[in-house]
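This report refers to the structure that appears directly beneath it.
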2 protein chains.
Amino acid sequence: METLKPAHNDAETDLLNQIATDIQAGAYAPGSWLKQIELQHRYKTSRPMIRVALDRLAQKQLIRHEPNRGYYVYEADDDEVRDLLDLRAMIECAAAPRIVRHGTGPECEILAQLAQNFEDLIDTGSIIKQHEANQAFHRQLLSMTGNPQIAATIAELRHRIPSAPAGQWKTRQRIKQSSIEHFEMVTAVRNRDADALEDAIRRHIMQAA
Amino acid sequence: METLKPAHNDAETDLLNQIATDIQAGAYAPGSWLKQIELQHRYKTSRPMIRVALDRLAQKQLIRHEPNRGYYVYEADDDEVRDLLDLRAMIECAAAPRIVRHGTGPECEILAQLAQNFEDLIDTGSIIKQHEANQAFHRQLLSMTGNPQIAATIAELRHRIPSAPAGQWKTRQRIKQSSIEHFEMVTAVRNRDADALEDAIRRHIMQAA
DNA sequence: TGCGCCAAAATTGGCACCAATTTATAGATG
DNA sequence: CATCTATAAATTGGTGCCAATTTTGGCGCA
């Protein structure tokens, strides 16, 4: 369930993550109106809490705010999605040399395990589970750069890209291909082959375009 | 003065930019306590406005929030600054091929003009003016990628890096070197030499380390 | 003189109320 | 019957107030 930040902080942050997760899961369609009163009842909190959470979501550009008219789920502009995917691919590819240079053996084993977890969910798991497993894989991959800011920035970007539950991984064939690419990445890291890793990452991310 | 976003939006955003600019200019030292009442008087606004602005600044990690104790200017951790500079260099270097590929002639002329503006401010201009000119140069450089998300992400990162007014460009020699590197970048873009551009960018950003 | 404790002042943070604006609804009119 | 209009309902956004917590200042005591 907890797709965003793992640790729980203050109450406002928990609420923010709940709403963000629900939006990404498709509970609120793009463009739909987020009434404060409805949210207040849905999440069993006070009105000011909701307002803080909505303001934060608007800052993150997950929703948009129209004065005196309320908050609406951000409608993904095609050009913007293309630019975000391009940027994400650019950063993750640029991180490839750091991953092969700085990654250790044990970290690589964890990565291989996460790739296997994703593989195991191809047939049995729900879309949500698959999406979480995919996210866990990429988080581990980026944590191997030794620079936590990279993973944090990518996480921020990913939130703004319409994700799997909203209909990205259409076919089972596409998911199988993703899994193959995961193992390609693991192999590239094991061989400390930055070029191969970069190539696999680029193909993996750009599949969505 | 307006170092951050150029256009003015709603009142809260204006207030946020004012406070952010003052923090970056060094009006509030790192670690200092931002009392809501003082800010309320300083910026002539209401208490809730201040609270929204402070919450946004905390989300951007320009300040930190301690429950029941208030907001404090973020104290730059050496490791974190190193990681942020590393990430910034990584992204801007990765953007180099896009700049030389996508950049047009007129855009390159604007870039050259901005490099000249910075050069002219070496002796006469204030630190603030120099910093603004430097920022304008890099904004133009990144806008030439054709992907506005890149410039936006870098702008976000730069806000979290202690900047010139806080004592980064110590010597005049260092500033002159920065200007030389600017012209190196212009030349590299003109020659559509991605490798030379990448090299100049990396040296330029890493000077601060 | 220095340290710990207690009361007073100040600050934060949440709650409830109310005005301004927008949206929905019903009625009048061509 | 559709459309425009006026009224009512609902939603947003702002202001003020008050409790909870923390910081400050002063006092007693070793």
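Labels below follow one simple rule: chain letters A, B, ... track the order of the sequence lines, proteins then strands, and each chain is numbered from 1.
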Taking [atom1] from [X] and [atom2] from [N], how many angstroms apart are they, rounded to a whole number?
X	N	atom1	atom2	answer
A/Arg47	C/dA16	CZ	P	12 Å
A/Ile50	D/dT11	CD1	C1'	14 Å
B/Gln36	C/dA10	CD	C1'	12 Å
B/Leu34	C/dG13	CG	P	12 Å
A/Tyr71	C/dT22	OH	P	16 Å

message: Under the criterion salt bridge (charged side-chain N to carboxylate O under 4.0 Å, His left out), I'd like the reasoning laid out for B/Arg203 against B/Asp199: C-alpha separation, chi angles, the key distance, then a yes or no.
response: CA-CA 6 Å; B/Arg203 279 184 284 111; B/Asp199 187 59; 3.1 Å; yes

message: Heavy-atom nearest nucleotide on DNA chain C for B/Arg51 versus B/Ile37: which residue maps closer to 5'?
response: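 The residue whose closest nucleotide sits nearer the 5' end is B/Ile37.
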
field: Upstream residue (5' side of DNA chain C) when A/Asn68 and B/His65 are each assigned their closest nucleotide
entry: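 Final value for this comparison: B/His65.
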
task: Please evaluate the base of C/dG13 for a donor-acceptor partner in the side chain of B/Arg69 within a cut-off of under 3.5 Å?
output: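 Answer is no: no donor-acceptor pair is held.
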
query: Is any side-chain N or O of B/Trp33 closer than 4.0 Å to OP1 or OP2 of C/dA10?
result: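 No, no such contact exists.
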
message: Quick test of your reading of the model: are B/Arg42 and B/Glu38 salt-bridged, counting only N-O distances below 4.0 Å?
response: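 Salt bridge between B/Arg42 and B/Glu38, a charged N being under 4.0 Å from a carboxylate O: no.
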
- prompt: Do you know the tightest heavy-atom contact between B/Pro97 and B/Cys93?
  reply: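 It is CD-O, 3.7 Å.
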
